[in-house]
There are 2 protein chains.
Amino acid sequence: MIENTSCTNIVIAGIGGSGIAGRIFQGLYTQKPVLLVEEYLMPDFVNRDTLVIAMSYSGNTEETLSAVQDAKRKHAHVVTITSGGKISSLGDQNIIIPQKGMQPRSAIGYQLMPLLLSFGISSEQDAKNARTILDGLDKDHTECTKHASNIFSGSKIPVVYGSAPFQGVPYRWKMQIGETAKVAIFANNFPSLSHTDVMGLGKGYNKDIFYYFVLEPESARIKKRMEIMAKLTKTDFNLIRPKGKSTAEKLFYYIHYGDYIAYDLAKLRSMDPQNVDLIEQIKAELARTDPKGLP
Amino acid sequence: MIENTSCTNIVIAGIGGSGIAGRIFQGLYTQKPVLLVEEYLMPDFVNRDTLVIAMSYSGNTEETLSAVQDAKRKHAHVVTITSGGKISSLGDQNIIIPQKGMQPRSAIGYQLMPLLLSFGISSEQDAKNARTILDGLDKDHTECTKHASNIFSGSKIPVVYGSAPFQGVPYRWKMQIGETAKVAIFANNFPSLSHTDVMGLGKGYNKDIFYYFVLEPESARIKKRMEIMAKLTKTDFNLIRPKGKSTAEKLFYYIHYGDYIAYDLAKLRSMDPQNVDLIEQIKAELARTDPKGLP
C-alpha cells in the first residue's frame with residue numbers, strides 16, 4: 001500500500017508502458033489534483049506537500065529517473081513502483097514488482113493495483129471479481145478476434161474513444177495495439193469528439209480507413225451525443241460494453257479486451273507480440289549520446 | 001486581469017473551440033496544479049481554494065454551463081471568459097469578450113491573453129512583439145500553403161506532435177484543421193511518440209497516408225530523440241520552427257501557422273472555413289432531448 005496519501009496534490013511520473021497506469025488513475029481519482037509528468041522535470045509547484053508516484057518497470061527510464069531526481073530536490077514524498085533498476089532505491093517508499101523480465105506494458109496490474117487499493121477506488125474483493133471476469137474473456141474472446149480480423153483485412157487505422165471515468169483506457173489500447181501489433185492507432189476522449197472531431201468525421205476524406213471503437217459512456221448524456229454523432233456522420237462506432245459492476249471489473253475487462261485485439265492482430269500480421277526492437281534501438285542510440293545535456 | 005489568483009489549484013472548464021486556451025495554458029503554467037474539465041461535473045477536490053476559469057465563447061455550452069453550476073455548489077472562485085450567454089452572469093468575475101458573432105475558435109486571443117498576463121507568463125510588450133511576428137506571417141505564409149497543398153494532393157491525414165511547454169498547441173491545430181478544412185487529424189505529444197507510437201510508425205501499414213508535423217522541441221534531448229526516431233523509422237517529420245524569443249511570440253506564431261494551413265486547406269477543398277453545420281446539428285438535436293437527465 002502507498003503511504004503518505006495525505007498530500008495536497010499527486011504527480012505521477014511515467015512514460016510509455018509505465019505511464020498508462022497513471023493516466024488511467026487520473027480519470028478514476030478526483031479527490032485531489034492528479035497531474036501526469038512524461039518529461040524530464042517536475043512542474044514548479046511540486047514541494048513537500050506533493051506525493052510523487054514514479055512508475056518505471058525497468059527502473060532506468062531516462063525521463064522518469066530524471067523526474068524522480070528533480071522531485072527529491074523539491075522535497076516531494078516519492079514512491080516508486082518498479083521491478084528494480086536505479087529508481088528502486090531512490091523513493092521514500094519503493095514498491096517492487098516481483099516478476100522480472102516482462103514487457104513494461106504487461107506489468108499494468110502490478111502498477112494499477114497499489115493505486116486502486118491505496119486510494120479507495122477498489123477493494124480486494126473487486127479485484128477478485130475482476131479476475132473471474134478476465135477468466136471468462138480468456139475462454140471466449142471471439143469478439144476481439146472479429147475486430148482484429150476486420151482491422152487486418154481492411155488495413156484499417158483504429159481510433160479509440162473513451163469518456164469519464166475511463167478516459168485513460170484508450171491510451172492503453174493505443175499502446176498495446178501499437179507495440180504488440182505494430183499498427184498506427186489513435187486515442188481520444190468522447191465529449192471532445194462531438195465538438196472538434198465531427199467535421200473531419202462527417203466531411204473528411206479517407207474516412208473508410210478508420211475503425212472506430214467507443215467505450216460505452218457511463219453518462220447517459222454523452223451516450224446520447226454518441227448516438228446523434230453516429231447518425232449525423234453515418235459512422236459505424238463499435239461500442240464496447242464492459243462486464244461487471246465495480247470500477248475494477250469494468251476497467252480490467254476493457255484493458256484485457258484491448259489486449260486480445262492487439263494480440264490477435266499481431267498474429268494475423270505475423271508480428272512477434274513481444275518484439276519492440278525500434279524502441280530498444282532508440283534507447284541504445286540515446287545512451288550513446290552525451291546525457292550531460294539532460295535538462 | 002483575473003482576480004484571486006492566490007488559489008491552491010486551478011481548474012479550467014471548456015470544450016471544443018473554447019477548451020483549447022486552457023489546454024495551452026496547462027503546458028505553460030507550472031506554478032500550481034492546473035486541471036482541465038471537458039465534462040459536465042467538477043472533480044471532487046474542487047472547493048473554496050480552487051480557482052475555476054470557465055471558457056465558453058457562446059456562454060451557453062451545455063457541459064461548461066453545468067460545470068460552472070457545479071463549481072458554485074462547491075464554493076470555488078469562478079471566473080468566466082465569454083462573449084455573453086448564460087454563464088456571463090454566473091462568475092464571481094466575468095470577463096466579457098467584446099467581439100460578438102465569431103466562431104469560438106477565432107476568439108483564442110481573447111481567451112488566452114487574460115491567462116498569459118494574469119499569471120505572469122507574458123507581458124504586454126511580448127504581446128505587441130507577437131503582433132509584429134503575426135503580421136509577417138500574414139504577408140508571407142507560403143510555407144503553410146505548401147503544407148496544405150501537400151496534404152490536399154495526397155489526401156493525407158495530418159498528425160501533429162508537440163512537447164513542453166507547447167504540448168497544447170497540436171490540439172489547436174487539430175481543431176482548426178478539423179473544423180475549418182473538415183479533415184480528420186490527430187494530435188499527440190512528442191516524448192510519448194518515441195515510446196508508444198514508434199512501432200506502428202516503423203512497421204505499420206498505411207504509413208504513407210499520414211503527414212507528420214513536429215513543433216520544434218525546446219529540450220535538446222527531446223530534439224535528439226526526434227532525430228533518432230526519424231532516421232530509424234524512415235519518417236519525414238515536417239519540423240516547424242517558431243519565430244520570436246518570448247513564449248507569447250512563439251505561441252502565437254505556432255497558432256497562426258496552423259490557422260493558415262487550415263485556411264488554405266479549406267480553400268483547396270472548396271470548403272467554407274466558417275461552416276460547422278454538423279456541430280450545430282448535434283447541439284440542436286441534443287437541445288430537443290430532455291436535459292433533465294444531465295449528470
Side-chain angles (χ1 to χ4, degrees), chain A residues 8-9 15-16 19 30-33 35 38-40 43-45 63 155 157 163-164 174-175 178-179 182-186 189 191-192 194-207 209-210 219-221 224-225 228-229 232-233 271 276 278-279 281-282 285-286 289 293-295, chain B residues 8-9 15-16 19 30-33 35 38-40 43-45 63 155 157 163-164 174-175 178-179 182-186 189 191-192 194-207 209-210 219-221 224-225 228-229 232-233 271 276 278-279 281-282 285-286 289 293-295:
Chain A
T8 309
N9 49 62
I15 194 163
T30 59
Q31 301 291 325
K32 287 176 184 172
L35 277 283
E38 296 188 311
E39 316 252 348
Y40 291 88
D44 294 317
F45 70 79
E63 294 93 328
S155 295
I157 307 288
S163 54
K174 179 176 195 298
M175 189 182 53
E179 295 192 16
K182 289 80 166 150
V183 164
I185 165 168
F186 298 95
N189 72 324
S192 84
S194 62
H195 288 267
T196 68
D197 291 9
V198 58
M199 297 307 301
L201 197 66
K203 303 193 173 179
Y205 41 67
N206 292 332
K207 185 180 162 184
I209 213 164
F210 298 113
S219 148
R221 194 69 176 164
K224 184 82 202 163
R225 269 187 187 275
I228 295 173
M229 280 277 306
L232 278 178
T233 62
M271 291 284 174
V276 285
L278 292 173
I279 297 177
Q281 284 168 39
I282 290 173
E285 282 237 20
L286 271 170
T289 65
L294 283 184
Chain B
T8 309
N9 49 61
I15 194 162
T30 59
Q31 301 292 325
K32 287 176 184 170
L35 278 282
E38 296 188 312
E39 317 251 349
Y40 290 87
D44 294 317
F45 70 79
E63 294 92 328
S155 294
I157 307 289
S163 53
K174 179 175 194 297
M175 189 182 51
E179 295 192 17
K182 289 79 166 151
V183 164
I185 166 171
F186 298 94
N189 72 326
S192 85
S194 61
H195 289 266
T196 68
D197 290 10
V198 58
M199 297 307 302
L201 197 66
K203 303 193 173 178
Y205 42 67
N206 293 331
K207 185 180 163 184
I209 213 163
F210 298 113
S219 148
R221 193 70 176 164
K224 184 79 201 167
R225 269 188 187 276
I228 295 172
M229 281 276 306
L232 278 178
T233 62
M271 292 284 175
V276 285
L278 293 172
I279 297 177
Q281 286 168 38
I282 291 174
E285 283 236 19
L286 270 171
T289 65
L294 282 185

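By convention in this document, chain letters (A, B, ...) are assigned in the order of the sequence lines, proteins followed by strands, and residues within each chain are numbered from 1. Values in this document were obtained by computation on a predicted structure and should not be read as measured data.
Scanning all heavy atoms of the two residues, the minimum distance from A:Pro33 to B:Phe45 falls at N-CD2, 3.6 Å. Between B:Lys203 and A:Met271, the shortest heavy-atom contact is O-CE, 3.8 Å. Shortest non-hydrogen contact noted between B:Arg221 and A:Leu286 is NH2-O, 3.2 Å.
Using a 4.5 Å cut-off between heavy atoms, A:Ile209 contacts chain B through its side chain alone, with no backbone atom that close. Contacts between A:Gln281 and chain B at a heavy-atom distance below 4.5 Å involve backbone atoms as well as side-chain atoms. With a 4.5 angstrom heavy-atom cutoff, A:Ile228 touches chain B only via side-chain atoms. Looking at A:Leu35, only its side chain comes within 4.5 Å of chain B, counting heavy atoms on both sides.
Of the listed residues (A:Ser155, A:Ser163, A:Pro43), the one with the most heavy-atom contacts under 4.5 Å to chain B is A:Ser155. For the options B:Asn9, B:Ile157, B:Asn206, heavy-atom pairs under 4.5 Å to chain A are most numerous at B:Asn206. Between chain A and the residues B:Gly202, B:Gly19, B:Ala164, the most heavy-atom pairs under 4.5 angstrom are made by B:Ala164.
Residues that satisfy the side-chain hydrogen bond (donor to acceptor under 3.5 Å, both in side chains) test with A:Asp44, not counting sequence neighbours, are B:Thr30, B:Gln31. With sequence neighbours excluded, no residue forms a salt bridge (Lys or Arg N to Asp or Glu O under 4.0 Å) with A:Lys32.
Applying the 6.0 Å contact sphere to NZ of A:Lys224 captures no more than 12 heavy atoms from other residues, nucleotides or ligands.
B:Met229 is not listed as a side-chain neighbour of A:Leu278, based on a closest heavy-atom distance of 4.5 Å or more. You'll find the side chain of B:Ile282 reaches within 4.5 Å of the side chain of A:Val198, heavy atoms only.
Put simply, CG on B:Asp197 and CD on A:Glu179 are 9.0 Å apart, with the number rounded to the nearest 0.5 Å.
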